[in-house]
Amino acid sequence: MRIATWNVNSLRVRLPHVIDWLQENPVDVLALQEIKQQDPDFPHQALQAIGYHAVCSGQKTYNGVALLSRHAINDVETGLPEHDDPQRRLIAATIAGIRIVNVYIPNGEKPESDKFHYKLDWLERLRNYLQAALQVYSRLVIVGDFNIAPDSRDIHDPEAWTNKILCTVQEREALTAITDCGLSDSFRLCTQEAGFYSWWDYRAAAFRRDRGLRIDLILCSSALKASCQSCIIDKTPRGWERPSDHAPVIADFSLTNNETPHEIS
DNA sequence: ATGGTCGTCTCACGA
C-alpha cells in the first residue's frame, strides 16, 4: 500500500504533472494540497481515465485538498469539527482499511502575524481531532503539507532559519504534541540522515542550490509503524518545466495478502 | 538588508 502526498500549487496548472507522475508512480493513494480550484472544476474524468477515484474539498484561488485513490474511498469527512472556517484544509477518508487524513496546515506567514496564531490554533484543533480519531481508527495515516520542519536535519541552513516561520519552537511543539498522540514520522522511521527536502522556494534558484526544507510529512499510527517499508521524497517533478514548489513524498506500508485491496476496474 | 518567483477573476496578496 503506497501512499503519497504532494502540494501541487494549483491543480489546474499541474494536472499534466500529476498525471505523468502517477503513470510513472502508480501509488494506491495520492493526497493533494493547494489545488486552488472549486469542486465543480475538479478533473474527475482525466483522473478516472488513469484509474483514480477522487474526493475533494476545494475553494477558489486558495487552499483546497483532495484524495486520489485506486481503491474505494469511504466515510469521507472534510474540515475540522466545530470549526467554522471557509479555508479548505482537511479531507479524510477510509481507504483499504486505513484512515487517511490529508491536511494543508496553515503557513503562518511570520511569528508576529495573526496568521501565526491561526496556524497554532489550527494545530491545536488538529491534535484534538487526531486524538479522537485514533480511538476509532487504529490504522491511521496523516499526510500533507505541514508547513513545519521537524528539526535541524530538515533545513538546508538551520542557523539562517532559526525562529523563522516553519521552524519556530512553537510550531515544533505543536507538531510534537501531535506525534505524542502516537504518530510517527515515516521518513524518520527509515533514515536519520540530514539533507532531504520536500520544498524549495521558487526564488533565488533554491532548488538548483538544494536550499530546501522538509515540511511535507507522512505520519503513521503505532499499528502501522512496523509495516512501513520505505518513505522517500521524489525530487524528479520539482525539476520539470513549470513545477510545483513541492516534491511528492511516498510511503510504502506492507499489508498482508488478505488486507491487500483490489484495484478498481 | 532586500529581493528574488510563482499562482491567483493579476498592479495585490499569499506562499
Side-chain angles (χ1 to χ4, degrees), chain A residues 5-21 31-43 46 56-66 79 83 85-91 102-123 126 143-150 154-168 170-172 174-175 197-217 233-249:
Chain A
T5 178
W6 194 3
N7 178 325
V8 289
N9 187 18
S10 168
L11 184 56
R12 186 185 67 78
V13 172
R14 233 66 70 187
L15 182 62
H17 282 197
V18 170
I19 289 171
D20 288 352
W21 187 82
L32 301 177
Q33 304 86 36
E34 281 203 274
I35 64 173
K36 296 185 174 179
Q37 67 184 173
Q38 298 174 104
D39 293 349
D41 301 324
F42 193 88
C56 55
S57 179
Q59 67 182 93
K60 197 196 282 189
T61 311
Y62 302 115
N63 311 311
V65 286
H83 193 212
D85 187 357
Q87 300 190 31
R88 301 294 186 231
R89 298 182 175 277
L90 183 147
I91 189 164
N102 174 22
V103 290
Y104 174 47
I105 290 177
N107 172 283
E109 193 191 13
K110 55 190 179 198
E112 310 77 48
S113 70
D114 290 345
K115 294 195 186 84
F116 188 69
H117 296 289
Y118 170 73
K119 179 179 197 172
L120 295 179
D121 177 64
W122 208 93
L123 284 160
L126 179 63
V143 309
D145 178 357
F146 279 68
N147 270 316
I148 302 171
D154 307 310
I155 307 170
H156 67 88
D157 185 347
E159 249 176 70
W161 280 83
T162 303
N163 297 326
K164 296 283 192 289
I165 197 66
L166 318 182
C167 304
T168 66
Q170 295 102 305
E171 291 164 281
R172 285 183 177 159
L175 179 60
Y197 313 124
S198 65
W199 168 81
W200 301 259
D201 199 301
Y202 282 124
R203 296 167 287 187
F207 182 64
R208 184 178 57 72
R209 299 154 74 192
D210 201 22
R211 297 171 67 83
L213 301 181
R214 190 175 68 89
I215 57 176
D216 298 272
L217 309 178
I233 300 166
D234 183 6
K235 287 170 69 170
T236 313
R238 186 62 179 79
W240 290 346
E241 198 178 328
R242 210 179 176 193
S244 166
D245 45 353
H246 295 251
V249 183

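Please read these numbers as outputs of a predicted model, since none were measured by experiment.
Between H246(A) and I35(A), the one whose closest nucleotide on DNA chain B sits nearer the 5' end is I35(A). Each of V13(A) and N147(A) was matched to the nucleotide of DNA chain B holding its nearest heavy atom; the match closer to the 5' end belongs to V13(A).
No side-chain donor-acceptor contact under 3.5 Å links R88(A) and N63(A).
Within the nucleic acid shown, K115(A) comes within 4.0 Å of sugar-phosphate atoms alone, with no base atom in reach, counting heavy atoms only. Using a 4.0 Å heavy-atom criterion, one finds that Y104(A) contacts the sugar-phosphate atoms exclusively.
In terms of modelled atom types and a separation under 3.5 Å, the side chain of E171(A) and the main chain of L166(A) share a donor-acceptor contact. Checked by atom type and distance alone, the side chain of Q33(A) pairs as donor or acceptor with a backbone atom of N7(A) at under 3.5 Å. Between the side chain of D245(A) and the backbone N or O of D201(A) there is no donor-acceptor pair closer than 3.5 Å.
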Write down the protein N/O and nucleotide N/O pairs, taken from nucleotides 2-6 of chain B, whose separation is under 3.5 Å; answer none if there are no such pairs.
residue: dG4(B); atom: O6; partner: R203(A); partner atom: NH1; Å: 3.3

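Under the 6.0 Å cut-off for aromatic ring centres, W240(A) and W21(A) do not qualify, their centroids lying 6.0 Å or more apart.
Atoms CH2 (W199(A)) and P (dA15(B)) sit 12 Å apart, rounded to a whole Å. Taking atom CD on Q37(A) and atom C1' on dC9(B), their separation rounds to 15 Å, with Å as the unit. Remark: P of dC13(B) and CG of N63(A) are 17 Å apart, rounded to the nearest angstrom.
Within 6.0 Å of CG in D157(A) there are more than 12 heavy atoms belonging to other residues, nucleotides or ligands.
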